[in-house]
Structure formats: structure tokens, C-alpha cells
Amino acid sequence: MNKTKKIFTSLFCLLLLAVSFFLILPTTNSFLTNAENENINNGLDFISSRPTEKQTFEAGDGYVEYTPQTEDKNATIVLSNATLYANTQVNYWSQNKVYCALAVNNDTEIILNGSNKLFIKGNASSSGILAYDANITFSGDGDLTIDYNSEPSLSGTAYPIIVYGNYDVLNNLIPGTFEESGNLIFNNTGTININAIKKISSACIYAHNNITINGGNFILNGIQNSIQTDYNNLTINNANIECTDFTSRGFYARRGNVVIDNNSNINLIAKTDRNSTFGICAGNYNYTGEDSIEAGNVLINDGILSINVAYIGIYAQALDSKQDSGNIIISDGLVNITANKNGSVTAGIYAECSQSGKLGNVFINGGNTTILTEGSPSDASVGIYSANDVTINNGILNISSLGNVDNTSYGINANKDLYINGGEITIKSNDFAINKNPIISDNIKLSPATDVDGNNKVDYDETQLSQYKYLKTEIINEISEIKINEIQNPLKKGDSIQLETTISGVGSYDMSLTWSISGAISKDTVIDANGKLTIGKDEKSKEIIVTATSNFDSSKFDSIIIKIKNGLTTQNIIFIVIAGIIAIVFIVLFIIFLIKRNHKKQVKNTF
């Protein structure tokens, strides 16, 4: 019994020793220990300390997984239900430091899984995600929320998502090289929700160079600018974006273009107590880079865009002499702009330039655009302003400029020329519908009125331009004449001929015709859809009438009388051939007869 008890006692001691041994061993799990986890929640600095192999970190109820960059693939960071706080101060360049939740300095793909939360400081400058000298791509179907960890104050600057280029390259002005980093791409399909309310500087999403949004949902609240790029383009494709309470600009490309494309749905609502707010702003301010030829343009190619600001809805500015800059082009989509702050000059679309040349133009090429500008009686308002030309080629355009009633409110104000080549246009203004007589296409009719509601309609008179507070265009698409071209007349039975027409009119219209015949007896006398006429071989009518009628306007037609003479039938031809043969035989026999008779006379005379 004692021996058995000793054996069990020994086994129990060995078991305790083994358990103690495994407890004191370093963990082989890639998650950090609880003691280290507190630091992970305070932020991840992959700039000062970048893992050299795949590593996973606990982050709240989820984790952050880092995979290093290889020769053929960028580094990846997976955020899976992660929670991080911007409590780690990161030295990202020279002496520049900022508190960050996540910081990197190499090209990285950030994959969003589940629901992720980053908290920035409410009382100090901080960033949710910061990248330096790097290109960042977001992917995945998860969500990301960036908010404050405490009640926000006006002190400090918020950088919820910021991607820098290389400052050393920028400061040395090396053309064509600065664009190699500082680019940001969103390929994610989930929702990114950023709250930066009460902060007055920086942007919810900022990159030095290109920002490309290829989908997903974005809810951006507060701060100076919602989305900003300093040295290149902002391009939006097939995304849903709502920006609210920004204090300066919704979308801002300081030295680049803003392009909205492919079914994007965008809502930009500025903070109501700020006078100088823009919906979309693009410029080419002091950019000496290699790719700076075309900048400062706003291109709306598709989608739904709603803007509600105090100052200017869409603003393009060309500040240097680069051509094709400072232009606003609306090609398609549904655009609704409201600029209605009391105590402020208001404008719906404003293309400005400080240099001479082909700068600062507005083009309406399609889509459906509605502009409302209004303010206090002491402030000017304009629906569309251009430092050069305003050109309207197509689409629907409705402008209501209801600001000052003392000669400073315009529907359209073109500093150079106003071209109206098409489209459906309605303009209302408290002062002037347009500032100059437009250059119009032949099929455009201008219908003005002397009151803002368009009740007192008058005929358009170039000398009375200042009287018109209402202007509507009417598109004239009409055929004035159809003429069947002359043919060789009459035709013979069995003939076929292609009839041609000359059609005159204005605007665009259907040029197809319906051809018809009257007066024909033979069922084989027909005309096809293209105007090819065939006379039946047995046609007994002496003449027929051919008519060409417009399919666009049935009141426009032309007719031609075609006379018909007998043609040669097969029997006629056989008869003629036989008669000809008989005639030839008769002639030959007659000649032979004459020769013989003449020969007999000669013989008789000889004897």
C-alpha cells in the first residue's frame, strides 16, 4: 500500500513539474500576451518597428495580422474586428511626430474584415491610419469606423486617414518622382465611417498624390475638407459617399482634377455656420511637377451628385498658364447644386483663371443639372460663371439665381462667349438671365420674359438683353422640304431605277422616308423602302405618281409623275427578228435579181 501511494505521489509531482514547465515557456502563439496587449491597443507603429515575418497581434476583440512585403507583392495588413487607439507617438519623417493608431512606411494593402474601430485623440493631433512614402490600397468587405476616444476640442489636428509622399523628393522638386508614392486606392466594398467633427483643419481622407475610390460606402463627418489630394487627382467610380459638416471643401484637388464617374452617388453638405464653403474644388496652384499640364478641372461623367453649401457648388481654378486647366465639364448624370448662405456671395458653378488662354471654361454636354443660388439682398449670386466661355451642347439645365435684386444677380455670366448648341435650358434670375447675347445654333429659339417666373413673355431682342429675367430655349428640329431628284423621263416597261431625294431642315431629325405609288395597274410595278422603282413589263398605265413621305413629319412629302412608254416584249422581239430576216432575204433576192437583169442586158448588147 505504501509502495502504491509513493508511486501516485511521484506521478503527481511529475505532473505539477510538467505544468509548471509549460507555463514558464515563451508562448508559441503569434498573439501577444496580455501584458503586451495593452500596448497593441494603444497603436501599432510599423514605421519604427516593422515585422520581418508574418505576425498577428491582438486588438480588442479582434486582431491585426501583418505580412511583410516580398519582391512581387506588397505588404498586407488584415484588420479583423480590431480595435486600436491612437496613443502611440510616431516619428514618421525628420522631426515630425504624431499620435497614431496604425502607421506604415511601405506599400501596403489593408484588408478589412468584420467591424473595425480606430480611436483618435479628441484633444491632440492624431491619426487613425498614417502612411509615409507609401502607396496604400484598401480592400475587403469589412467596415472601418474612426472616431474620437474622448470629447473632441478645437485644439490639435485630426488626420483620420492620411498618406504622405516622400518629403525629401518634394522639397528637392524632382519632377516625375514625387508621384511614385503618396497614392491611395479604395477597392473595398464595405463602409468607412469617419467622425472628425469640431476639428477645423486637415481632411477626413488625405493623400499627397492620387486618391482613387472604386466602390464602397463612405460616411465622412466634419473637419476642414472631407477628401483632399494636394498634388494629383481625385477619381471616384461607383461609390456611395456622404460628406457632412465640412468647414471648407467637400472634395478638394489642390493641384489636380476631380473626376466623378460610373454610377457614383454623392451627397455633400457643408457646415451651416460657415460662409466660405465649396462642394467640389480643383486647382493647379503653383505646381511645377512634370505632369502638371492639365490640372484644376472638374469632370462629372456619370452618377448622382447633390451639393448644399454656402458659397460655391463646383469651383475650378487655373492660377498658372497651363492650358486645359480650370475647366468644369458635365457630361452626364444628375447634378443638384444649392448655394444659399445669407451674407455671402453665392455661385453654383464657377470656373476661374488668373492667366490668359484657354482656361476657365464651363461645358454642359449632357445630364440633368439644377442650380439654385440665393442669399441676402446685399449679396450677388450667379448660377454659372466662367472666366472664358460657357458652352451648352446638350442635356437639361435649370438655373435659379435669386440673390441680389440690384443688378448683381445672373443666371449665366460668361466673361467671353456664351454658346448654346443644344439642350433644354430654363434660367430664372432676379436681375439678368444672361449677361450677353449668346451664339446659338440654327435650331435654337430663345424665349425670354421680363419677370422671373416667365409670365411676361416677349420676343427675343438683342438690344433688350438687360430686361430679361427669364429665358427658356426651345429646340427646333424640323424638316422644311423634301425634293425627289429629277430622273430621265419617260421610263419603259420593265425598267428599274433608284430614286434619290434632297431633304432640307434644321436640327436633328429622322431622314427615313416611306415610298408609295399611285396609278399603277400591273402588280409588278413596285417601289421598295429605299426608293428603288421597277415598272412592270405588263404595265398598261401611261403614267404613275411616286410619292416620298417623311417618317419624322408626315406633312412633308414630294411627288413625281413618271410617264411610261411601251417597251419590247419577247413576242415583239421575235416578230422584229423574223421581220428583219425576211427583209434581209428580200433585199438580198432583190439585189440578185437586179444583178442578173443587168447581166442579161450586157450580154444582149454584146450580140
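These numbers come from the heavy atoms of this one structure, side chains and all, not from hydrogens, waters or symmetry mates.
Under the salt bridge (Lys or Arg N to Asp or Glu O under 4.0 Å) criterion, Glu109 pairs with no residue, sequence neighbours left out. Every residue two or more places apart in sequence or in another chain that forms a ring-ring contact (aromatic ring centres under 6.0 Å, His included) with Tyr66 is listed here: Phe46.
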Derivation of the side-chain hydrogen bond (donor to acceptor under 3.5 Å, both in side chains) call for Asn91 and Gln89: CA-CA 7 Å; Asn91 182 193; Gln89 192 173 48; over 6 Å; no
Verdict with supporting geometry, Ile161 and Leu184, side chain to side chain contact (heavy atoms under 4.5 Å, CB included): CA-CA 10 Å; Ile161 298 176; Leu184 177 57; 4.2 Å; yes
Asn225 and Phe246: CA distance, side-chain angles, deciding distance, side chain to side chain contact (heavy atoms under 4.5 Å, CB included) verdict: CA-CA 6 Å; Asn225 306 313; Phe246 53 88; over 6 Å; no
Steps toward side chain to side chain contact (heavy atoms under 4.5 Å, CB included) verdict (Ile260, Leu305): CA-CA 9 Å; Ile260 298 174; Leu305 172 62; 4.2 Å; yes
Test log, rule side-chain hydrogen bond (donor to acceptor under 3.5 Å, both in side chains), inputs Thr391 and Asp389: CA-CA 6 Å; Thr391 302; Asp389 299 333; 5.4 Å; no
Audit row: Asp302, Asn262, side-chain hydrogen bond (donor to acceptor under 3.5 Å, both in side chains) steps and yes/no: CA-CA 5 Å; Asp302 198 3; Asn262 295 339; over 6 Å; no
Step-by-step side-chain hydrogen bond (donor to acceptor under 3.5 Å, both in side chains) determination, Ser386 to Asn361: CA-CA 6 Å; Ser386 171; Asn361 300 285; 4.6 Å; no
Candidate pair Ile337 and Ile349, rule side chain to side chain contact (heavy atoms under 4.5 Å, CB included), full reasoning: CA-CA 8 Å; Ile337 300 172; Ile349 293 175; 3.9 Å; yes
Stepwise ring pair (Phe, Tyr, Trp, His ring centres under 6.0 Å) test for Phe186 and Phe218: CA-CA 10 Å; Phe186 291 94; Phe218 295 80; 5.1 Å; yes
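Ile384 contributes atom CD1, which lies 10.0 Å from atom OG1 of Thr373 (distance to the nearest 0.5 angstrom). With rounding to the nearest 0.5 Å, the separation of CD1 in Ile425 from CG in Leu397 is 6.0 Å. Once rounded to the nearest 0.5 Å, the distance linking OG1 of Thr426 with CD of Glu424 reads 8.0 Å. The distance from atom OG of Ser306 to atom CG of Asn267, rounded to the nearest 0.5 Å, is 4.5 Å. Note that CD1 of Ile223 and CZ of Arg249 are 13.5 Å apart. Values are rounded to the nearest 0.5 Å.
Using a 4.5 Å cut-off on side-chain heavy atoms (C-beta onward), Leu118 and Leu144 make contact. Residues Asp61 and Thr83 have side chains not in contact (no heavy-atom distance under 4.5 Å, counting atoms from C-beta outward). Under the 4.5 Å side-chain criterion, counting only non-hydrogen atoms from C-beta, Glu65 is in contact with Lys54. At least one side-chain heavy atom of Leu44 sits less than 4.5 Å from a side-chain heavy atom of Phe57. Contact of the Tyr419 side chain with the Val390 side chain is not registered, since no non-hydrogen atoms from C-beta on lie closer than 4.5 Å. In this structure, Leu268 and Phe251 have side chains that are in contact, with non-hydrogen atoms separated by less than 4.5 Å. Within the 4.5 Å cutoff, the side chain of Asn297 has no heavy atoms near those of the Ile328 side chain. With a 4.5 Å cut-off on side-chain heavy atoms, Asp245 and Ile269 do not count as touching.
Side chain of His208 to backbone of Tyr164: no donor-acceptor contact under 3.5 angstrom is found. A donor-acceptor contact shorter than 3.5 Å links the side chain of Asp143 to the backbone of Thr191. At least one donor-acceptor pair under 3.5 Å links the side chain of Asn116 to the backbone N or O of Ala82.
Of all heavy-atom pairs between Ala207 and Ile211, the closest is CB-CG1, 3.5 Å. Nearest heavy-atom pair across Asn237 and Thr235 is ND2-CG2, 3.7 Å. Among all heavy-atom pairs drawn from Ala253 and Val258, the shortest one is CB-CG2, 3.8 Å. Pairing each heavy atom of Lys121 with each of Ala86, the nearest pair is CE-O, 3.4 Å. Taking all atoms of both residues into account, the shortest heavy-atom contact from Thr247 to Gln224 is OG1-CA, 3.2 Å. When all heavy atoms of Gly122 and Asn149 are compared, the pair lying nearest together is N-OD1, 3.4 Å.
In the model, Asn81 has no side-chain atom that pairs as donor or acceptor with a side-chain atom of Lys117 under 3.5 Å. Checking Asn232 against Thr229 by side-chain atom types alone, no donor-acceptor pair falls below 3.5 Å. Side-chain contact check for Glu352 and Tyr315: at least one donor-acceptor pair (N or O, by modelled atom type) lies under 3.5 Å. At a cut-off of 3.5 Å, with distance as the only test, no side-chain donor of Asp332 or Asn301 sits close to an acceptor on the other residue. When only modelled atom types and interatomic distance are considered, Arg50 and Asn105 share a side-chain donor-acceptor pair under 3.5 Å. Side-chain contact, Asn187 with Ser139: no donor N or O sits under 3.5 Å from an acceptor N or O. Checked by atom type, the side-chain pair Asn238/Asn263 shows no donor-acceptor distance below 3.5 Å. Counted by atom type alone, Asn340 and Thr338 present zero donor-acceptor pairs between their side chains at under 3.5 Å. Side-chain contact, Asn240 with Glu242: no donor N or O sits under 3.5 Å from an acceptor N or O. A donor-acceptor contact under 3.5 angstrom links the side chains of Asn195 and Asp147, judged on distance only. Inspection of the Ser381 and Ser401 side chains reveals an N or O donor paired with an N or O acceptor under 3.5 Å.
Ring pair Tyr350/Phe278: centre-to-centre distance not below 6.0 Å. Taking the six-membered ring for Trp and the full ring otherwise, the centers of Tyr206 and Tyr159 sit at least 6.0 Å from each other.
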Sequence neighbours excluded and cut-off under 3.5 Å, please list the side-chain donor-acceptor pairs for residues 129-138, or say none.
residue	atom	partner	partner atom	Å
Tyr132	OH	Trp93	NE1	3.4
Tyr132	OH	Tyr167	N	3.0
Asp133	OD1	Ser181	OG	2.9
Asp133	OD2	Asn166	ND2	3.2
Asn135	OD1	Gly182	N	3.4
Asn135	OD1	Asn183	N	3.1
Asn135	OD1	Asn183	ND2	2.9
Asn135	ND2	Asp107	OD1	3.4
Asn135	ND2	Glu180	O	2.9

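Within 6.0 Å of atom CG in Asn96, more than 12 heavy atoms from other residues, nucleotides or ligands are found, so the atom counts as buried in its surroundings. The environment of Asp141 atom CG is sparse: at most 12 non-hydrogen atoms of other residues, nucleotides or ligands sit within 6.0 angstrom.
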